[in-house]
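Numbered from 1 within each chain, the chains take letters A, B, ... in sequence-line order. Values below: every heavy atom of this structure, side chains too, minus hydrogens, waters and symmetry copies.
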Amino acid sequence: MKFGVVVFPGSNCDADCHYAAGNVTGQEVRYVWHEERDLSDLDCVIVPGGFSYGDYLRCGAVARFSPVMEAVVTHAAEGKYVVGICNGFQVLTEAGLLPGALYRNDHLQFVCQPQHLRVEAIDTPFTHFYKPAQVVEFPIAHGEGRYYADPDTLAALEANGQVIFRYCTPAGESTAEANPNGSLNNIAGICNETRNVLGLMPHPERRCDRLVGGTDGKKLFKGIVESMMVRAISMGHR
Amino acid sequence: MATQTSQLDVARELGMNEQEYANVLKILGREPTGTELAMYSVEWSEHCGYPRSRPLLKLFPKTGKYPTRAEGEDAGGFALTDELYVIFKMESHNHPSQVEPKQGAATGIGGILRDIFTMGARPVALLDSLRFGDLDSDIGKHLLAGVVDGIQFYGNCVGVPTVGGEIYFHPSYRDNCLVNVMAVGIADTALLATSKGKGPGNPVLVVGNRTGRDGIGGCSILASHEFSEDDEKRPTVQIGDPFTEKCLIEACMEVLQGDAIVGIKDMGAAGITCTTAEMAAAGGVGMDIDLAKVPMREEGMEPWEIMMSESQERMLVVVQQGREQEVIDIFEKWNLNAAIVGAVVEEQVLRIRFHGEIVAEVPSLSLAESPIYYLPAEEPAWLAKVHATDLTVPPPTDLNTVLLRLLSSPNIASKRWAFRQYDHMVQTNTVVPPGAGDAAVIRVKGTDKGLGMTTDCNSRYCYLDPYVGAQIAVAEAARNLVCVGADPAAVTDCLNFGKPEKPDRFWQLKRAVEGIADACRAFNVPVVSGNVSLYNEGPDAAIFPTPTIGMVGVLAHVEAHATLAFTAGQIVALVGETRAEMGGSEYLAVEHGLEAGYPPSLELPRELAVQNFVLAAIQQGLLTTAHDCSEGGLAVTLAESALAGGVGVQANLPAVDGRMDTALFAESQSRIVVAFAPAQQAALTALAAELGVPFTILGATGGEHIRLTVAEAPAIDLPVTTAADAFTGAIAAALAE
Amino acid sequence: MLYHVQIEITLKPTVMDAQGTTIERALHKLGHTSAANVRIGKFVTMELDAADPAEAQAAAEELCRELLANPIIEQFAVQVVDKEQVV
Amino acid sequence: MLYHVQIEITLKPTVMDAQGTTIERALHKLGHTSAANVRIGKFVTMELDAADPAEAQAAAEELCRELLANPIIEQFAVQVVDKEQVV
Ligand SMILES: Nc1ncnc2c1ncn2[C@@H]1O[C@H](COP(=O)(O)OP(=O)(O)O)[C@@H](O)[C@H]1O
Ligand SMILES: [Mg+2]
């Protein structure tokens with residue numbers, strides 16, 4: 001099983017994702033330079049956080065034209081896994097792999113803080129190790145994490161159970177006060193219709209070590225590995 | 001051709017004096033060109049050459065308990081292990097920030113980071129020490145908001161966590177805010193880079209951003225003259241481009257993995273002038289540079305403009321002959337310019353050409369060796385009156401209100417409004433984040449070690465006594481490190497003072513430097529880097545003397561660290577003793593508008609004993625909660641720990657001079673509040689006795705109130721939530737007004 | 001021919017503009033109480049080589065659709081000015 | 001009278017525009033090689049109550065100086081359109 005972590009100029013959580021994925025799962029991880037076009041060796045591609053191309057103009061706007069993104073689209077179309085975290089989520093929406101858009105926080109400030117989230121769906125390759133409606137704490141660190149989608153898209157996301165993480169209070173309530181950026185429906189993370197592409201603003205890779213804040217993120221990486229193995233077996237049997 | 005008088009006038013315009021101009025004539029044996037004059041003026045300015053402060057800086061100890069090396073580089077450090085070297089430095093960006101707070105602070109961050117990675121160290125942390133005028137003034141709000149915006153704009157993008165700092169407000173900074181930024185990096189010792197430009201024939205490259213007219217003369221002119229109302233003369237400010245900086249970090253880290261680089265230096269003040277002169281001087285060589293080859297952003301730039309430009313995110317690199325293409329390839333991979341602009345030459349001369357014409361030709365050493373001035377120092381006449389001020393005040397009637405006012409005083413109130421805007425977790429090493437401890441702690445991946453880091457300076461103490469105040473800044477920094485479990489290892493400093501030509505200002509500088517030097521010797525820590533910022537004055541007066549101390553410490557086992565938060569069921573004790581010392585206290589300033597008397601006393605042996613005790617206790621696992629007493633005294637310290645843990649505390653404070661306010665709010669030094677599980681009490685008491693440290697049980701944590709008594713008499717009783725509102729919301733509320 | 005192109009990119013009316021709202025509030029506080037409906041967008045200028053203004057206009061609109069604007073939240077307007085006319 | 005005001009805030013020509021440079025490079029990579037001199041600024045629209053267009057213009061310029069633009073690095077241009085004329 002192999003993870004790939006995409007590196008755009010300006011990515012800055014690439015090393016963190018590499019470290020977390022490798023450390024938590026013991027699986028192989030490699031960096032993917034944004035000009036690469038061949039991802040056939042990878043089972044899961046992580047598009048990490050940071051400021052790709054400085055986030056100039058709009059977060060993720062330039063990165064999505066990198067050659068690697070074509071390969072990521074193909075990788076996703078083959079049913080393999082893609083996770084976009086923070087800036088990575090923004091890149092995936094810009095690239096059309098996930099619906100909606102992320103824009104400036106309603107309070108206009110960058111916000112870095114621990115954040116409670118409710119796991120809304122566990123029937124994904126990423127979240128199946130969590131309990132239904134489990135409250136986890138992943139930090140957020142973004143200036144443009146306000147999720148927006150037009151009403152039809154939003155309704156479809158909710159109807160299909162594509163909302164995977166929602167901002168909430170420690171007790172698990174999705175109140176306005178628990179919403180750190182003005183996201184519609186307190187949305188923190190979503191998946192695509194086929195449930196193999198996940199995007200989320202909070203940082204699970206920052207919660208993989210007790211020493212630096214907690215371990216709530218470990219189940220996400222472990223879950224991916226188990227899903228990859230199951231997938232590999234079922235593909236092999238086909 | 002310019003006549004001699006007109007060239008002298010130009011020199012004066014550039015801030016040189018007649019003697020300096022005469023020196024230039026002597027060195028060159030002829031009249032200087034305009035470009036040459038500009039070069040000498042910046043290199044010999046206080047900003048670049050430290051001609052006025054250099055003699056003082058020699059007082060600092062250069063070695064200490066951890067091995068040090070790398071003298072004469074952009075930043076210094078100490079050996080963490082045989083393989084890893086910690087590099088750190090603090091620098092000011094005061095004047096640019098006063099003019100344009102966002103870009104001023106942003107480019108300050110960019111500059112200090114380049115000082116770190118130019119040595120081959122990957123930046124792992126940023127800290128920022130900020131000082132502004134009153135928070136309730138429009139200018140104070142504008143500057144605070146702009147500076148914090150600049151730090152988040154730049155620091156977040158480059159992916160280096162901003163893990164600590166401090167923010168103070170005082171009217172003396174109204175017209176001259178202080179923005180001191182510190183960066184910490186970790187290098188593979190074997191790969192440490194140098195800024196020596198050796199090897200005749202080796203090509204010289206300018207890499208990074210293009211050169212424009214940014215901040216021409218900006219930094220040096222701004223930094224060497226008092227502010228005036230004359231807005232017209234405002235030079236162009238530099239603009240920060242954190243995206244390019246991030247790419248530059250990665251490209252430099254990559255290129256320094258190999259051995260193609262001979263020397264590398266970041267461009268700060270007076271960009272190409274400073275780097276070519278200093279790299280050549282350090283290498284004992286010369287350079288032959290063609291300015292026409294420098295990648296430029298604007299058309300029609302004059303040679304002197306190219307030489308002086310302070311465009312950001314650029315470096316000068318000397319590469320081994322024949323290896324230039326591999327170096328260029330790496331920079332181009334990161335979308336950065338890399339242009340060969342000249343070569344190292346044997347002859348110790350800096351020869352600058354522009355389209356075939358030689359525009360400057362000067363001995364390379366002469367630029368780097370600025371003159372030295374020994375300025376007169378004189379104790380200010382006003383100080384005796386300040387010392388003699390009667391500090392007797394009526395005893396307060398409502399101590400709850402006093403505590404709430406102190407907790408919401410902007411100097412004490414939580415700085416969460418600021419650090420929430422900084423990514424303080426990126427790189428996933430932050431063990432003790434801002435607000436959680438007296439210092440920040442990061443782990444060092446691949447080892448079980450950690451680094452503690454802090455910045456400190458109580459400038460009111462320095463105003464009352466620069467020698468003692470500076471010593472306290474060092475002691476407090478060390479104490480903050482100890483409170484998180486870090487052994488103080490080395491110091492960087494940023495000396496922010498007024499105009500040195502005024503003997504009272506120079507006296508403050510001199511006494512502060514002596515204080516730092518003596519204190520560092522007592523703690524056995526070297527000063528490995530630093531920065532001097534003089535001419536910090538408004539139209540009426542100088543700023544409070546502000547020798548900001550940045551200190552880094554080592555946690556041998558990062559698992560054994562402490563934070564300041566109480567948890568329920570702990571016993572609370574005071575290490576050290578409160579004395580009847582009210583001078584310079586935040587209490588007198590906030591409640592009575594008094595900034596007078598003497599600062600609290602500092603006895604270094606006593607301080608060391610207190611610190612050794614707490615450090616040993618944390619290392620032995622006896623303690624996980626420690627918080628030093630600083631502004632606001634014991635009452636504020638106890639309240640802060642209660643608020644951080646969201647739990648109440650009941651404590652009985654020892655009587656001092658029969659006054660409750662003294663027991664609660666005096667700022668006596670060498671005190672640390674600790675809290676621990678009841679099971680550890682015996683071991684701690686024994687350890688304190690063994691080390692001869694005063695150790696007094698004050699009470700216990702628990703409940704939902706902060707209840708303090710003094711000699712058993714009720715003094716304070718506040719719900720934790722009430723105190724939290726005062727402490728947490730104050731800064732945001734002030735900004736929203 | 002070189003054309004000077006000006007592009008205004010604004011949030012769609014249905015998308016909440018927190019920046020505009022904040023600035024509006026600040027303006028009111030400063031006493032400019034009549035300022036209403038404040039919206040903040042981006043203003044992009046560039047030069048484009050094209051055979052005629054219509055071609056420049058089409059090329060710029062293409063750039064907007066492709067990169068400069070995000071159609072989910074933004075709308076754009078393009079203006080082509082003859083290079084010589086620019087002051 | 002209610003006037004519709006459009007304000008273009010741009011970096012002064014001598015000030016480095018990192019955003020513009022990055023976007024220009026991206027456009028070239030995408031094949032739009034003729035795009036040159038790309039600069040990115042802000043576009044502000046609002047409604048202002050004023051007696052006549054000149055007053056609206058003056059008020060808007062005042063707002064720019066006071067709050068909207070940073071005079072050290074930015075310049076601005078104001079256009080007043082009659083409310084009714086706005087499409
Ligand atoms: N400008 C700042 N940037 C980042 N962190 C800050 C800043 N100012 C204060 N902090 C953090 O807030 C906490 C309290 O700071 P301070 O009041 O100076 O503490 P102390 O008085 O104990 O030294 C520390 O964790 C400090 O690092
Ligand atoms: Mg402090």
Side-chain angles (χ1 to χ4, degrees), chain B residues 96-104 106-107 110 138 142 145-146 149-150 153-154 157-158 208-216 218 222 231-248 295-301 305 309-314 332 334-337, chain D residues 5-50 55-78:
Chain B
S97 302
Q98 183 79 21
V99 175
E100 208 321 89
K102 175 175 178 178
Q103 293 299 336
T107 52
D138 284 346
H142 164 74
D149 191 30
F153 157 70
Y154 208 99
C157 184
V158 293
N209 250 338
R210 291 174 181 276
T211 298
R213 290 192 173 91
D214 314 69
I216 287 180
L222 277 174
D231 285 352
E232 301 310 308
K233 270 196 178 167
R234 266 185 193 161
T236 342
V237 295
Q238 308 104 294
I239 303 289
D241 177 3
F243 168 56
T244 294
E245 179 100 340
K246 170 64 176 160
C247 293
L248 197 55
M296 274 171 276
R297 202 176 71 230
E298 294 173 56
E299 279 162 31
M301 282 181 70
E305 289 181 309
S309 163
E310 295 184 353
S311 288
Q312 300 289 294
E313 294 95 19
R314 299 178 303 158
E332 285 185 347
W334 289 98
N335 287 331
L336 298 164
N337 301 293
Chain D
V5 178
Q6 297 192 339
I7 303 170
E8 304 159 3
I9 303 170
T10 48
L11 287 170
K12 289 182 183 170
T14 51
V15 172
M16 179 185 70
D17 179 4
Q19 284 209 70
T21 314
T22 304
I23 298 306
E24 181 169 320
R25 204 178 293 134
L27 289 174
H28 290 183
K29 267 207 182 151
L30 290 174
H32 306 287
T33 45
S34 89
N37 226 336
V38 178
R39 305 205 40 104
I40 303 191
K42 275 180 246 156
F43 183 68
V44 183
T45 59
M46 65 177 77
E47 277 148 31
L48 277 180
D49 201 12
E55 192 187 301
Q57 173 90 22
E61 288 180 1
E62 162 80 16
L63 295 186
C64 286
R65 272 188 296 270
E66 210 175 321
L67 179 75
L68 298 175
N70 177 347
I72 297 169
I73 52 177
E74 291 172 331
Q75 57 194 14
F76 58 84
V78 171

Query - chain B contact via D:Asp17 - side chain, backbone, both or neither, heavy atoms under 4.5 Å - result: neither
Query - Heavy-atom proximity to chain D below 4.5 Å, by part of B:Asn335 - result: both
Query raised in the report: When rounded to the nearest 0.5 angstrom, what is the spacing between CD1 in D:Ile73 and CD in B:Gln103?
Result: 5.0 Å
Query raised in the report: Do you know which two heavy atoms are closest between B:Val99 and D:Ile72, and how far apart they sit?
Result: O-CD1, 2.9 Å
Requested in this report: Would you confirm whether B:Arg297, through its side chain, and D:Thr14, through its main-chain N or O, come within 3.5 Å as a donor-acceptor pair?
Outcome: yes
Query raised in the report: Can you find a pair of side-chain heavy atoms, one from D:Met16 and one from B:Asn209, that are under 4.5 Å apart?
Result: yes
Query - Under 4.5 Å from any heavy atom of chain B - which part of D:Thr22 - result: side chain
